[in-house]
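Quick note on labels: first sequence line is chain A, next is B, and so on, each numbered from 1.
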Protein chains: 4
Amino acid sequence: MGHTSGTPSPRRRSERSRRATLDAVFTLTVQRGYAAVTIEAIAAAAGVGKPTIYRWWPSKGALALEAINDKVGGVLDFPDTGDIAADLTSQLTALVALLNSDFGTVYRGVIAEAQGDPDLSAALRDTVIAPRSRACQDRLAKAVTDGQLRGDVPVRAMVELLYAPLYYRFLLHTDPLSTRQVADQVEWALTGLRPVS
Amino acid sequence: MGHTSGTPSPRRRSERSRRATLDAVFTLTVQRGYAAVTIEAIAAAAGVGKPTIYRWWPSKGALALEAINDKVGGVLDFPDTGDIAADLTSQLTALVALLNSDFGTVYRGVIAEAQGDPDLSAALRDTVIAPRSRACQDRLAKAVTDGQLRGDVPVRAMVELLYAPLYYRFLLHTDPLSTRQVADQVEWALTGLRPVS
Amino acid sequence: MGHTSGTPSPRRRSERSRRATLDAVFTLTVQRGYAAVTIEAIAAAAGVGKPTIYRWWPSKGALALEAINDKVGGVLDFPDTGDIAADLTSQLTALVALLNSDFGTVYRGVIAEAQGDPDLSAALRDTVIAPRSRACQDRLAKAVTDGQLRGDVPVRAMVELLYAPLYYRFLLHTDPLSTRQVADQVEWALTGLRPVS
Amino acid sequence: MGHTSGTPSPRRRSERSRRATLDAVFTLTVQRGYAAVTIEAIAAAAGVGKPTIYRWWPSKGALALEAINDKVGGVLDFPDTGDIAADLTSQLTALVALLNSDFGTVYRGVIAEAQGDPDLSAALRDTVIAPRSRACQDRLAKAVTDGQLRGDVPVRAMVELLYAPLYYRFLLHTDPLSTRQVADQVEWALTGLRPVS
DNA sequence: TAGTAAACGAGACGGTACGTCACGTCTTACC
DNA sequence: GGTAAGACGTGACGTACCGTCTCGTTTACTA
């Protein structure tokens, strides 16, 4: 839907146009906010024709998602120092820094758009969230094996307990995200809210 | 911004138009999805003129937010049976049911729109999230006093640890929200992820 | 076809927009040539929105046709001095002058466009050509009654014999149209149309 | 204008492509109407690359004009039975038949396009109209010499008096062209052109 | 019990962006 | 080297909504 034709052969594709388009999405979104960016403006800023954009991406959301993945694509490995609390803290701190950067502005827009676009939602989950969640789950599983974490809680639930508060603040704007709180939040998630008996 | 004139006197306001408009937003959003609903369609469905809508609401988001608050407005009291785990479970279960209903569709749309609209974001926080968060915080504070929860963790952080995973699934669509998992999730948040020593 | 909706009520129509649009078509066509004029350019030059144009006219051709009729609308009466040759000469001379003016540029464009648009072709025939042809036929019929023209040649054929050479030069650009040749041309045609003495 | 480069050497030119292109123009124009035919569609239908078309023809009009000349190119000789009325009737009847055939559809399109394209207009005049007009003029001149036509009317004007009514109906669609009326029309025109006995 | 001023429905308006189409140019690979 | 295929930048297309602005018409307070 939206494609000019049925997925053209990428052999003759202009890498120059691809790069300029992805860069323009990022720049414009940071400047004006995601919702205010139009495909026309992207095309103009990138020095690219609109049909070229529609030839390769079905929507602004798909374009922005690729821009995001293009920016942070390779970073997938989870640290393993042996200390699960320290590893989680360093990883979550990095995520907070990322969400507070220009990247966060674009990411927020994509998440917003995905609320009304199932295809984009699936792509967002599959290319951004799921891979990182899995990397985290692997590290948590090892911590379980090491005896540092309980074995009777699904690692998927652990991931949510650790990451969800960050997204909560990121998307609902109740409190600003700060890298300084991360260590405490990890600790509270690991220790639980009940008093030490 | 968006108002036809400087805040008209609400004395002569037509309650019939207000009701029809709010109902139309809700119905249309459920039918077509939030992003696909236009103010023109709302006006037509409600049998209302466009200027009437712009006279009373600055944007589709503000309109949808009022429709939401109109739907679940009064429910603000937090149960207190003396058992904090049970109270949290019942409350979170109710929220999950709500998010999985038609209400969730509209709510999702408003949250999405708020990502690019600071006014709407603030209104969403102040009228929907903050009051309920405060009610929960009060109940948690009492549980701290009762010795059921630790006193060295801020209640705001507790609220996030409990609610955030629900919003995480609601907005990122990693896993479906189910009322059956709520009790376990509450338990894990309260107990922590470390093994029982 | 092309209408935004099914013929809106003309009661609230903006006369200012109508005038500005018709004037813009004329001005732009004279400046750039009919084929080079776009509806976007018309809208911009008239200070009018594109949808307003599409609301009231189905195509550029229909718009240009109305501009033409707006320009020369009332002139329909055929002179009658009693001398058919003189009357035809004055009328045809006026037509040649018109075709050689800015009007001719627009008229040519409409005739060209009508070649591929049956609706426009019919409208052109019914609103421009047929009424004037009929007026001429009436005058010719009177000349027949007066004994100045043969009665055994259909007046429609007479009209063609008189007018067609003008259109021939106008559209095929074989020779320039000149007002000075008109009298001779009328004379040559009439020699054949006069009653056998 | 439009040429990819400055007139390539026609020695290596593919006759197969030329033929297929000219045939495609004709077929598509008859099928869809001249205005609706695009160069892309011609290229696709002919199994020819677009640059090949632009290499050899400057515009769709030039292409269609060549297709026309390719179709009726050789027919230039005017009959001479000694009877000018009969010769004119047979020739004009043939033209009417041609204009009412598929050829007429393409021809109409070219004439329309020529209204806004001086180059095409000149080419149309020089390659189609002028040669046939000259052939007719020659025949008429002989008839003058033979004493069948007046000597004081320019043969160019005679040509117009005879041919213009056909083009008038062909382009303005006031009445359908019929081969049966031709003899009468020739007669009416000639009555004026015959020498005063 | 009018008179009147507001809010109202309807919808035309000047705009902006949409997603598509065809243009004419250019590049690549083949023959 | 001419050719087919087709991606490219460009720009106009006709449409959908935007938010504003008249219009007459209710409607409900005032006098």
Side-chain angles (χ1 to χ4, degrees), chain A residues 1-5 8-14 16-17 37-41 43-44 46-56 58-60, chain B residues 1-5 8-14 16-17 37-41 43-44 46-56 58-60, chain C residues 1-5 8-14 16-17 37-41 43-44 46-56 58-60, chain D residues 1-5 8-14 16-17 37-41 43-44 46-56 58-60:
Chain A
M1 185 202 297
H3 264 129
T4 290
S5 67
S9 76
R11 303 194 314 156
R12 300 194 182 282
R13 180 168 188 184
S14 160
R16 188 243 138 223
S17 294
V37 173
T38 66
I39 291 197
E40 294 216 332
V48 146
K50 268 200 295 177
T52 299
I53 293 183
Y54 284 107
R55 181 155 33 230
W56 300 108
S59 68
K60 185 175 74 161
Chain B
M1 182 204 298
H3 267 129
T4 291
S5 67
S9 75
R11 304 195 308 157
R12 290 186 179 273
R13 180 169 189 184
S14 160
R16 187 242 139 223
S17 294
V37 174
T38 67
I39 291 199
E40 295 215 335
V48 146
K50 272 201 291 176
T52 299
I53 292 183
Y54 284 107
R55 179 152 37 228
W56 300 108
S59 68
K60 185 175 74 161
Chain C
M1 185 203 297
H3 265 131
T4 291
S5 67
S9 76
R11 303 194 314 151
R12 300 194 182 285
R13 181 168 187 184
S14 159
R16 187 240 139 225
S17 295
V37 173
T38 67
I39 292 199
E40 294 216 334
V48 146
K50 265 200 296 176
T52 298
I53 293 183
Y54 284 108
R55 181 154 34 229
W56 300 109
S59 68
K60 185 175 72 161
Chain D
M1 183 205 297
H3 265 129
T4 291
S5 66
S9 74
R11 304 193 310 154
R12 290 189 179 266
R13 181 171 186 183
S14 158
R16 186 240 138 226
S17 294
V37 174
T38 67
I39 292 200
E40 295 215 334
V48 146
K50 271 199 293 176
T52 299
I53 293 183
Y54 284 107
R55 186 162 19 239
W56 299 109
S59 68
K60 185 175 72 162

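Distance from the side chain of Y54(A) is smallest to dG19(E) among dC18(F), dG19(E), dG11(E). Comparing atom distances between the K50(D) side chain and each of dC13(F), dG24(E), dC8(E) picks out dG24(E) as nearest.
Take the nearest nucleotide of DNA chain E for E40(B) and for T52(B): the residue whose nucleotide is more 5' is T52(B). Mapped onto DNA chain E by nearest heavy atom, A43(C) and R12(C) fall at different nucleotides, with R12(C) at the one closer to the 5' end. For the pair V37(C) and A46(D), nearest-nucleotide mapping onto DNA chain F gives the more 5' position to A46(D). If you find the closest nucleotide of DNA chain F to V48(D) and to A41(C), the one lying nearer the 5' end belongs to V48(D).
Nearest heavy atom pair, residue A43(D) against residue G49(D), reads CB-C, 4.3 Å.
For K60(A) (side chain) and V37(A) (main-chain N/O), a donor-acceptor pair under 3.5 Å exists by modelled atom type.
Side-chain contact between I53(D) and K50(D): absent, with no pair of heavy atoms (C-beta onward) separated by less than 4.5 Å. Contact of the R16(A) side chain with the V48(A) side chain is registered, since non-hydrogen atoms from C-beta on lie closer than 4.5 Å.
Look at CH2 on W56(C): it is 7 Å from C1' on dA12(E), rounded to the nearest Å. Rounded to an integer number of Å, the gap from I53(D) CD1 to dC26(E) C1' is 16 Å. Remark: C1' of dT26(F) and CZ of R16(B) are 12 Å apart, rounded to the nearest angstrom. Between the P atom of dC17(F) and the NZ atom of K60(B) lies a distance of 11 Å, rounded to the nearest Å. In this structure, R13(A) atom CZ and dC8(F) atom P are separated by 7 Å, rounded to whole Å. Rounded to whole angstrom, the span from the CD1 atom of I39(D) across to the P atom of dC23(E) amounts to 5 Å. Rounded to a whole Å, the CZ atom of R55(A) is 13 Å from the C1' atom of dA5(F).
Under 4.0 angstrom from either OP1 or OP2 of dA7(F) there lies no side-chain N or O belonging to S17(A).
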